[in-house]
Amino acid sequence: MNTKALSSSVLVAAIAWLVLVTTALEASVVGEAEALLQWKSSLETQSLSSWSPNETKCLWVGISCNHAGSVTQINLPNAALHGKLDNFNFSSFPNLTHINLSSSNISGDIPALLGTLSKLTFLDLSMNQLSGPIPQEICNLTNLAELWMPDNLLMGPIPSNIKKLIHLTHLMLSNNQISGTIPEEVGMLETLTQLSLYINRLVGKVPPSLGNLTNLQGLYLDFNELSGPIPKEIGSLINLVELGMPGNHLAGSIPSGIGNLTNLTYLYLYGNNLSGSIPREMWNLNNLVELSLLDNPLTGGIPSAIGNLTKLERLILGGCWLSGSIPTKEMENFTRLHDFDVSGNNLYGHLPKEICKGRSLERFIAFNNQFQGPIPVSLRNCTSLIRIRLQGNQLTGNISQAFGVYQNLLYVDASNNNLYGELSPSWGKCTNLTVLAFSSNKITGSIPLEIGQLSRLGMLDISSNFLVGEIPKELEMSSSLLRLNLSSNQLSHVVPSQLGRLSKLETLDLSANRLSGPVPEQIGFLSKLWLLSLSKNNFNGRIPSNLPSNLQLLDLSHNSLTGEIPAQLGSLLMLVNLNLSHNMLSGSIPSGLGRKESLVSLDLSYNQLEGPLPDGIAIERASPEAFQNNRGLCGNKKLLHPCYSSSTGHGPTHKFVVLVIVMVSLALFLIIGFVGVLYFLKNRKKCTERKAEETSNEEKDIFSVLNYNGSDLYNDIIRATEDFDEKYCIGIGGYGNVYKADVPTDHVLAIKKIHSFENEDVAAQNAFRNEIQVLTQIRHRNIVRLYGFCFHEQHKFLIFEFIERGSLASCLRSHQGAVELDWIKRVKVIKGVAHALSYMHHDCIPPLVHRDISTNNILLTSNFEACVSDFGTARLLKPDSSNWTTMAGTYGCIAPELAYTMSVTEKCDVFSFGVVALEIMMGRHPGDVIYSLSTSHGRNMLLKDVLDQRLPPPLDDVANEVILTMVFALACLQEHPQSRPTMHLISQELSTCMPPLPGERSTINDILTGGGGRVRGV
């Protein structure tokens, strides 16, 4: 009886419990539907029409339920929801395991309540517009296996308690604005197989704890601001298939442990500051499909072991400072190769003959090396080619036999080599070609008419050859031409009027030929033309009055042009450079030309111009030489004789008196000048001796402060650096390393220890002597101070003042340093460099060219004063010297003419200054911007998008100085050296920033052409 009663009680209790559970479940089910409908009402979507109270929610689009009818999955990718997550009641979904809202136009913050979904295993919010920080509460999702949030606007740090997500296999946070460091705790997520953090704002070092992630297959840290070395622990990731760390500030050597990653197929380390040689272990990664080490200061050569990488499809070693020959025979094993890039190194020897053995090669890039011999024979039949870049080598051979017909080819450049022969008419069959460049070779014959069939051709550059005959009128059919350069050939006859139909043409250079006849009026139809150079020909007649309104550079010098200068030139609002010298122009200078504020360079010399110089800023900027050797120019400036008004004279008598006065004045001037020269020659030796004595006394004063003789100082430097121990090294250069030496009496010195002159390395010895010679002759506040030197048989070094903040490059690479280097300080640094170069170019006798101006060679004092350093490649421009030299300089900062012709002028430094000034303003190397300046897209880039995004936009007067600096930086990057301003002009203009004019300039094109820097706003 008792047993039966007990059984009845249990049964009743069980039934009651079932009723309660059923009621609760029904309430939960109702709550989920209501929550979904409430969220739907907050959205703008039209794609959730099936979500209706009249339908069971488990049948709604994107909704999945369990057997009890509770929602377990929400799958709405690409649903165009247009809303936020704020109104989503996450607490109503206790059984939710899967959420996919990718590409659904979700915005706003990620709600902290998302962390209440305790059963969630999959979360994909990628490719939306989510903003704000990643909430800490998301780390409460301890069952989460995959977390996808790439391609949003998330910011703030990665939560440190992410270590709680112990089941996580995918952590995908790429392409956001996440900042801070990579938490060490990420290394505790031992189940991770994919870690993607690329394109964020992460700083600091790559944590060694990542070496614990032995299940990792993909590691992507691309394009952040990470610094320090690649941790050797990376070698423990034996399951890694893809490794990407490009576009950071990583330094040090590539760890040899990478050779342990035998499953690796993709390795990207390009765009860092990695040094040392490529570890030999890397060549054993025989599963590698893609390898890119582009733009790292690596050393050493390419060993024959590279032939082990038989699966390679992409080999990118451009700009790595590599030297030696390449193993051509072993590279013939690369039958799968699509991309081959060894550009910008110091490689020599022959290129691999069978580089296209697999008939799959698409990009063959080997420019700016020292390769010799013929173009590889396999390229002739390599129909897969899309891009060929071989310029800047010493290649030889007949160009008509080196290339074939390529239906897919877009770009070919073999300029600056020793190729000969004639251009093949077959180029007209490469119908997709956009760039054809063979400048600076030994090509003969005429220009093939068939080139006019290339309707997509954007650039044709066959300048500096030995081409003869006429310019083909068929070129008018190349309707996409943007740049046409036929200069420095032997082309003759008249310019075909059909060129006026090239409506997209932006630059036209026909200089240094034998062209004759009048300048075609049809050139005025080229509305987009901004560069026109017809100099050094036999053009005659008048200058056309209808020149294109967009012209920035106009060079008609060294012709036989007659008539007056058209007044319409004064209305060319964008004109920056005008050269009409060495013609037979007559009449007066138009007044409008003198008032042109945009005009930076003007040359009207060697004509028959007369009358007074007009007033205006363009005349003030011009040098006196710009007006010399004219018939009757006059004025009270530019070394011209004064203008005399005929109204105050008395006919012939007055003219005679004036003539006598002029002749007497000239005689007195010559006599005084002659006496002055004699006096100068007599006293030159004394002055030189006195200067040397003053310099010697100055150096003695320095060392008397240090209170050491040479021997004691040498020993103290050795002790202070512990015999040049690596821990004191603060910089690495091509000819030597720099060490910090804290010697007694509290003086800190910078010691540049020269690399050993192995095998009588003449270049290194010359560089050492050069730097001593140069630095002992110059004194300037913006040039690093040389205290002394040592030429000991064991150690050879230079002794400099220690510059506190180190290199400008390291400051720009650091997020904290870049922020501290605000716009005012950046302009100050650029001005300092300009002052230093102006002093070197215009105040030193003979002038001095640095040749390696880069942010690595600019040091910053404690108060952000710039000091130019590293004169190992400097060259004195002596009047009796040819000023030709071997290659020197920093990759990416070298002027085009120095890279190709080795002709050293001050304008080489001007180009490098432009690159450096842009790099300071942009916070990164401006390579892409420099390249795109010739395109309409590049010239219409918004200035605010080009400037360093780590700083707020400059305002008011600071903005005016920033824009003026950009004006001159871009002017320095002109392709033609003579078109670049002098450093004297730049130094003066930057020191006296003109007040802003009304208006606004917001694009690169605007500041290049529209305001000379005197504008407000960015």
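These numbers come from a predicted model, not from an experiment.
- If you take CZ on F525 and OG on S503, they are separated by 12.5 Å, rounding to the nearest 0.5 Å.
- The two residues N308 and N284 come nearest to each other via the heavy atoms ND2-OD1, 3.8 Å.
- The minimum heavy-atom distance between V377 and E354, with the atom names listed, is CG2-OE2, 4.1 Å.
- With hydrogens and angles ignored, the 3.5 Å screen pairs a side-chain donor or acceptor of R380 with a backbone N or O of Q401.
- In this structure a side-chain-to-backbone donor-acceptor pair under 3.5 Å is present from N272 to L269.
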Begin with the C-alpha distance, continue with both residues' side-chain angles, and end with the deciding distance and a verdict on side-chain contact (heavy atoms from CB on, under 4.5 Å) for I462 and L486.
CA-CA 6 Å; I462 44 180; L486 307 178; 3.5 Å; yes

* Pair N579-L554, side-chain contact (heavy atoms from CB on, under 4.5 Å): steps then yes or no -> CA-CA 6 Å; N579 191 346; L554 176 60; over 6 Å; no

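- Note that CD1 of I443 is 9.0 Å distant from CG of N489, once rounded to the nearest 0.5 Å.
- Heavy atoms of other residues, nucleotides or ligands lying less than 6.0 angstrom from CZ of R359 number more than 12.
- In this structure, N513 and N537 approach most closely via the heavy-atom pair C-OD1, 2.9 Å.
- With sequence neighbours left out, the side-chain hydrogen bond (donor to acceptor under 3.5 Å, both in side chains) criterion links E242 to Y220.
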Validation: residues 445-454 side-chain donor-acceptor distances under 3.5 Å, sequence neighbours left out:
none

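- K353 and S378 get closest at one heavy-atom pair: O-OG, 2.6 Å.
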*asked:* Apply side-chain contact (heavy atoms from CB on, under 4.5 Å) to residues I471 and L510 and explain how you reach the verdict.
replied: CA-CA 10 Å; I471 299 173; L510 305 178; 4.0 Å; yes

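- The aromatic rings of H582 and H558 sit parallel, their planes meeting at an angle under 30°, below the 60° perpendicular limit.
- Among V435, I388, I365, the one residue that satisfies the side-chain contact (heavy atoms from CB on, under 4.5 Å) test with Y411 is V435.
- Residue L419 holds its CG atom at 12.0 Å from CD of Q394, rounded to the nearest 0.5 Å.
- Between I278 and L293 there is a side-chain heavy-atom pair separated by less than 4.5 Å.
- At distances below 3.5 Å, not a single donor-acceptor pair connects side-chain atoms of N393 with backbone N or O atoms of Q372.
- In this structure, the side-chain hydrogen bond (donor to acceptor under 3.5 Å, both in side chains) partners of S511, at least two apart in sequence or on a different chain, are D509.
- Between L553 and V576 there is no side-chain heavy-atom pair separated by less than 4.5 Å.
- Under the side-chain hydrogen bond (donor to acceptor under 3.5 Å, both in side chains) criterion, N398 pairs with S400, sequence neighbours left out.
- Between E313 and R336 there is no salt bridge, since no side-chain N of the basic residue sits under 4.0 Å from a carboxylate O of the acidic one.
- Side chain of N417 to backbone of L395: a donor-acceptor contact under 3.5 angstrom is found.
- Distance alone, capped at 3.5 Å, is enough to place a donor-acceptor pair between the N369 side chain and the N345 backbone.
- Residue C430 comes nearest to G404 through the heavy atom pair SG-O, 4.3 Å, listed as atom of the first residue, atom of the second, then distance.
- Judged by distance alone, the side chain of N441 and the main-chain N or O of A414 form a donor-acceptor pair under 3.5 Å.
- S384 and E362 form no side-chain donor-acceptor contact under 3.5 Å, judged by distance and modelled atom types alone.
- The closest side-chain heavy-atom distance from H350 to P374 is below 4.5 Å.
- Proximity of V289 to L312: side-chain heavy atoms (C-beta onward) are nowhere separated by under 4.5 Å.
- Under the 3.5 Å distance criterion, with hydrogens and angles disregarded, a donor-acceptor pair is assigned to the side chains of K311 and N287.
- Annotation: side chain of M459 is not in contact with side chain of L481 (no heavy-atom distance under 4.5 Å).
- In this structure a side-chain-to-backbone donor-acceptor pair under 3.5 Å is missing from D461 to S439.
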### Task
Give the intermediate values and the outcome of side-chain contact (heavy atoms from CB on, under 4.5 Å) for residues F911 and C972.
CA-CA 5 Å; F911 184 92; C972 291; 5.8 Å; no

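- Residues L390 and F367 fail the side-chain proximity criterion, which asks for heavy atoms closer than 4.5 Å.
- With hydrogens and angles ignored, the 3.5 Å screen pairs a side-chain donor or acceptor of S912 with a backbone N or O of C908.
- Every side-chain contact (heavy atoms from CB on, under 4.5 Å) that K442 has, sequence neighbours left out, goes to N418, Y420, F466.
- For the pair L505 and L484, the minimum side-chain heavy-atom distance is below 4.5 Å.
- Looking at N432 and Q407, their side chains never bring a donor and an acceptor atom within 3.5 Å of each other.
- For R314, the salt bridge (Lys or Arg N to Asp or Glu O under 4.0 Å) criterion is met by E290, D339, not counting sequence neighbours.
- Rounding to the nearest 0.5 angstrom, the gap separating the CE atom in M477 from the CZ atom in R501 is 11.0 Å.
- Summarising the geometry, atom CG belonging to D341 is positioned 5.0 Å from atom CD1 belonging to I316; distances are rounded to the nearest 0.5 Å.
- Between F340 and F364, the angle of the ring planes stays under 30°, which puts this pair in the parallel group of the 30/60° scheme.
- A pairwise comparison of heavy atoms in S275 and L298 identifies O-CD2, 3.6 Å as the closest pair.
- Note that the OG atom of S440 and the CG atom of N465 stand 7.0 Å from one another [nearest 0.5 Å].
- Counting heavy atoms from C-beta on, the side chains of L351 and I375 never come closer than 4.5 Å.
- Looking only at distances, a side-chain donor or acceptor of N296 sits under 3.5 Å from a matching main-chain atom of L274.
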